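In the text below, chain A, chain B and the rest are named by the order of the sequence lines, each starting its count at 1. Predicted, not measured: the structure shown is a model, and the values here were computed from it.
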Amino acid sequence: MIALGLEGSANKLGVGLIRHDMSTSPPTVTILANIRHTYHPPPGEGFLPKDTAQHHRSHILQLVKEAMAEGQITPKDISVICFTKGPGMGGPLTSVATVARTLALMWNKELVGVNHCVGHIEMGRQITGAENPVVLYVSGGNTQVIAYAEKRYRIFGEALDIAVGNCLDRFARVLNLPNDPAPGYNIEQLAKKGTKLLDLPYTVKGMDVSFSGVLTYIETNAPALLASGEYTAADLCFSLQETVFAMLVETTERAMAHIGSREVLIVGGVGCNKRLQEMMDQMASQRDGKVFATDERFCIDNGIMIAQAGILAYQTGYTTPLEKTWCTQRFRTDEVFVAWRE
Amino acid sequence: MATAALNERLTLQIPLPSPRLAKIAADVLDVDKDLKPEVSRRLISTQDNILILDFQTSTLKLLRTVVNSSLEMVQMVVSTMASFDTESEEP
């Protein structure tokens, strides 16, 4: 069984092709293609919905062609077409869904609308083999601590205002860091050179976290701190990472303690960050636990995760009828009925 | 609240290569419903190979916006068809 996956909820446009060989138990999973094209605005700017949607429309057909060529797949080989239903940015999501619908009707294939967060989780599980981890999903658009229980991915804790990646990305604009390959990546590299820790607001509220306060604080004070020579840009990046990552480690640990879990799976673009993985690992080891993470092919938004989550749902008999293939900016992780797990 | 009169109108007739493709385009586009039907409505239909988009809005600005975004999606559908239609390849 082969699924085509299309992802475009933010500035990354991804196309993936995945094969599940149903003759083995469990099925053998092969990644046939996983390609991505990212929209980078100029330094100091963020990506806006209209420009992002236009980027996706300009590149998606070429990406689909390349993916099918790389996987040596023709339309008749494809069993199901999967696309991101939400959450995310409206215009970009709909631009990609429009292509999915058109292909499905031309080629006479079923469609599966996938929850973006569930896509991250399922690809993380597939790649790492983590059995039943607490999941920390951290990206520019989402920050959630998740655990599976009774057919749903339950949200144990989340960011109350902005996602951790959004906090980092917006601080990168203040420093005028390049957005290529990603603002968070550039903050991570600069932070490695930081030595001085600035005391920043630390906001954990029970199982939840808040980042707008620390962002406002550092945005407001950075110019003066840098001008005074007391702190370098590297020190500020270092301080911000240490603070926000510690908040995430705290709430993840709290979830682990509640559930009695010894595994942490980090997914989402911010999950690529080596410092976050290191800090999480220190906490997990103290609890006799283990951290699972993937590399940028799967952490960062991609099409293969949509194909994976989609094909799992499809195998349980789930499809999305055409009239329901609209996209939505808000789509809670626990709205999805995870029929494919015990 | 008084309902706005949808006095601004525009009809686009877009020829597609075949009735089949016109119907597919109509079905694809019609999934996305009007965000604010009380001020902006789009009716989609086909006639043979012609895709017909009927716009009715309360203001000219809204008309421009909805026509522009609809055309962006029409362009996406049409290019997808041009690149990937398999039926046209059959003898």
Among A:L61, A:V99, A:I60, which residue satisfies the side-chain contact (heavy atoms from CB on, under 4.5 Å) criterion with B:S79?
A:L61
To the nearest 0.5 Å, what is the distance between OG1 on A:T94 and CD on B:E72?
11.5 Å
Heavy-atom count around A:K151 NZ within 6.0 Å, excluding the residue itself: above 12?
yes
Nearest heavy-atom pair of A:M106 and B:R20: which atoms, and what distance?
O-NH2, 3.4 Å
Which heavy-atom pair separates B:M81 from A:T102 by the least distance, and what is that distance?
CG-CG2, 3.9 Å
Closest non-hydrogen atom pair between A:S95 and B:M76, with its separation:
O-CG, 4.0 Å
Indicate yes or no: at least one non-hydrogen side-chain atom of B:V31 is less than 4.5 angstrom from one of A:E323.
no
Under 4.5 Å from any heavy atom of chain A, what part of B:D30 do you find: side chain, backbone, both or neither?
neither
Over 12 non-hydrogen atoms of neighbours within 6.0 angstrom of CZ in A:R19
no
How long is the gap from OG1 on B:T86 to CG on A:N108, to the nearest 0.5 Å?
9.5 Å
Salt-bridge contact A:R101-B:D32 (side-chain N to carboxylate O under 4.0 Å):
yes
Is A:W107 reaching over with its side chain to a backbone N or O of B:D85, donor-acceptor style, under 3.5 angstrom?
no
NZ/A:K109: more than 12 non-hydrogen atoms of other groups inside 6.0 Å:
yes
Taking CD in A:Q54 as the centre, count heavy atoms belonging to other residues, nucleotides or ligands within less than 6.0 Å. Is the count above 12?
no
The interface call for A:K50 against chain B, heavy-atom contacts under 4.5 Å, is side chain
